[in-house]
Amino acid sequence: MLSLVGLVIFAMLGTCVETARFAVCKRQAAQAVQTGTMALLTEYSKPLYDNYGLFFLEGAGEPYERVISRYASDSLRANNGYMSFLSGNIEELKVKDKILAGDDKAKPLQKEINAYMQREITTELLSKTLGKLGMMKNTEEDAKQLEETVEKEKEDTKLDKHIVKLMYLVDGVKVSKGRISTTRDLAKKFGQKKVLKGEDFGVMKQAVWTKMKKNINKTPVKWSKLDASFKNEVRKTKEVTKKAIEEGKKLKTAYTSATHSDMAARVISGLSSLDGNLRVLEQTEKILNSTTDKNEQKEELKKIWKDYDTSSLSFDYSGAGETGESEDPLEKLGDSAGTGILNLVCENPNKLSKNSIDNADEYAKYYKENPSEKKDYSESMNSFAKDEKLELSGVFGDVASYAMDEFSLDTYIQKKFPSYIQKIKEKKWKQPLKYGWEYIISGEKTDKENLESVVSRILLIRTVINTGAILSDAKKRAECYTAAAALVGLTGLPFLIRLTQTLIIIAWGFVESLTDVAAILMERDVPMIKTSKSIKTTFPEIFIVTNSAITKRAKKFAKQKSTSFGYKEYVLAFMAMTSPKKRRYRVMDLIDAGMRKNGYTGFSIGKSAFKLDVEAGFTFPSKFFHMPSIKNIIGRDITSYETACLISAGYL
């Protein structure tokens, strides 16, 4: 009886001990996997950490599962022995999930950067930066207002432009840049008096009439030359008259919606004479093509040509030929823009970096971001100069949501990557792009393209600011008005002169901004907000758009101070306007390119792990349940115990 009772008690004690042992083994298994995974994470990419300060586990070489199993097995075997109570075996182990650097919009990369930068930046530093960025807050609004002004003035000039076309079609006169030119093909082609006078053709400006009268045909005076040449003149004049009638219809349509002018009203009142003249010309053709006698033709022509009207439709040629020849600053600006902005504003354009990377925005494309959202700012000056197309808005966005994470990211970028104004001191580490900041903003393949994009954006912002300063100066506006009147050539076209004046002012703003940009690249102190007195470019100098002239004026600015809003601040502002995920993806592009350029050809941060979820299954042999006495009492043989665990481990 005592033996039986003793066996039962022994079995009960063994069961308790075995159950407790299994609980400890389960914890031991989880700790072994945790230890193995953490040991794997110590095998981070050392070149990545040494050069970029980031902890990531490279996804190449021996499989993660094998490394974790090896470390975990060592931990489990540490207590192995004849009476080891914690020994067990790994039956299965797999990495269930990996969080890579670029996952979730590259937020793992952001976390690593935050950890790296946490000792270098403060909320006070962020506040100061936001204060500087706030200096540009009105730029976008001013840009839109300037664009609206130009569009409104273009709308108003529709009347004047139709009138200019009618001048050319009806009188055969063109006035531009102080010069009067004429054409032989005009609607008022024929004169009916021996002595031709300007008032008979509605032309009161002697300089215009002197040139115009040379193109008048006097056949209707005597009707002595009814030959093929006259028939040809009638035919051509009829076609020109038809064009003039169509242009007159466009003028009437525009008159209903545009700002009215006295000249337009007067021209519209005389347009009906063109219809009468067309009828005269058509009847003349019929008569000339008929088989009637020449004398009869003359008599018929004398009757119908009494209705030929050359005086009712007249134009105001005030100012024509008075102002002298004038250059067009937009033409000069367009010619210079064709050479490239960098060739105008860089002191040594030939020394610009020629570096490039194989694939721009590689990670943005991989994660299905849309890199086609890029805007080409470098064409804005050329479009304005060539097509009078003003695109100044959209350069500066809202930075109200700019917070510590983004500030950490941008400070990290400025610390770890070079730019046009900053070289990286670590000479042994080769940089794939010498203008890394600019790549983060623009995402182009070459250093030159990225720098040009950034410089063009600064140029547009400066143009808005400088144009505002020039507009505030009455003397400068007067200079531009005089030049505009000379270019238009006619003081009777107020809307066209006003638009031309505005375009000249903006062209002046562009040229002054080229000077500003050159100075900013030289790290000189260019005031964020300018007054008229701060303008370095005089009116005559807007016609000299060359590298030497621009850089010479740029050197008039003082050296940059700690409080200056310089190139670094513009770049930081543009970074703040670029979506955080794009910035992070482009950081990944530069890291990959840098690692590969320095010999780590197989490296890919996109395949590097930040965090691992590991699942493992274990078996632990039974110690007490397997004893014959207990096995017989419980009626079954329990040889082993199975358990599983899931753990997560990462760098932060």
Has [X] got a side-chain atom pairing as donor or acceptor with [Y]'s backbone, closer than 3.5 angstrom?
X: Arg462; Y: Val517; result: no
X: Glu347; Y: Met522; result: no
X: Ser564; Y: Lys561; result: yes
X: Glu512; Y: Lys536; result: yes
X: Trp437; Y: Tyr420; result: no

Answer yes if the side chains of [X] and [Y] hold a donor-acceptor pair under 3.5 Å, and no otherwise.
X: Asp405; Y: Asn114; value: yes
X: Asp316; Y: Ser318; value: yes
X: Glu449; Y: Thr446; value: yes
X: Ser453; Y: Ser456; value: no
X: Ser604; Y: Tyr363; value: yes

Worksheet item: Given Tyr116 and Lys415, is the side chain to side chain donor-acceptor pair (under 3.5 Å) satisfied, shown in steps?
Response: CA-CA 11 Å; Tyr116 180 79; Lys415 178 182 177 67; 4.5 Å; no

Worksheet item: Under a 4.5 Å cut-off applied to non-hydrogen side-chain atoms, are Arg457 and Met577 in contact?
Response: yes

Discussion item. Measuring only between side-chain heavy atoms, which start at C-beta, is Ile505 closer than 4.5 Å to Thr467?
Written reply: yes

Salt-bridge present ([X], [Y]; N to O < 4.0 Å):
X: Asp103; Y: Lys107; answer: no
X: Lys365; Y: Glu362; answer: no
X: Lys434; Y: Asp447; answer: no
X: Glu246; Y: Lys249; answer: yes

Worksheet item: Which atoms form the tightest heavy-atom contact between Asp358 and Lys445, and what is the distance?
Response: O-CE, 3.3 Å

Fill in: Heavy-atom pair of closest approach, residues Ala265 and Tyr255
CB-OH, 3.6 Å

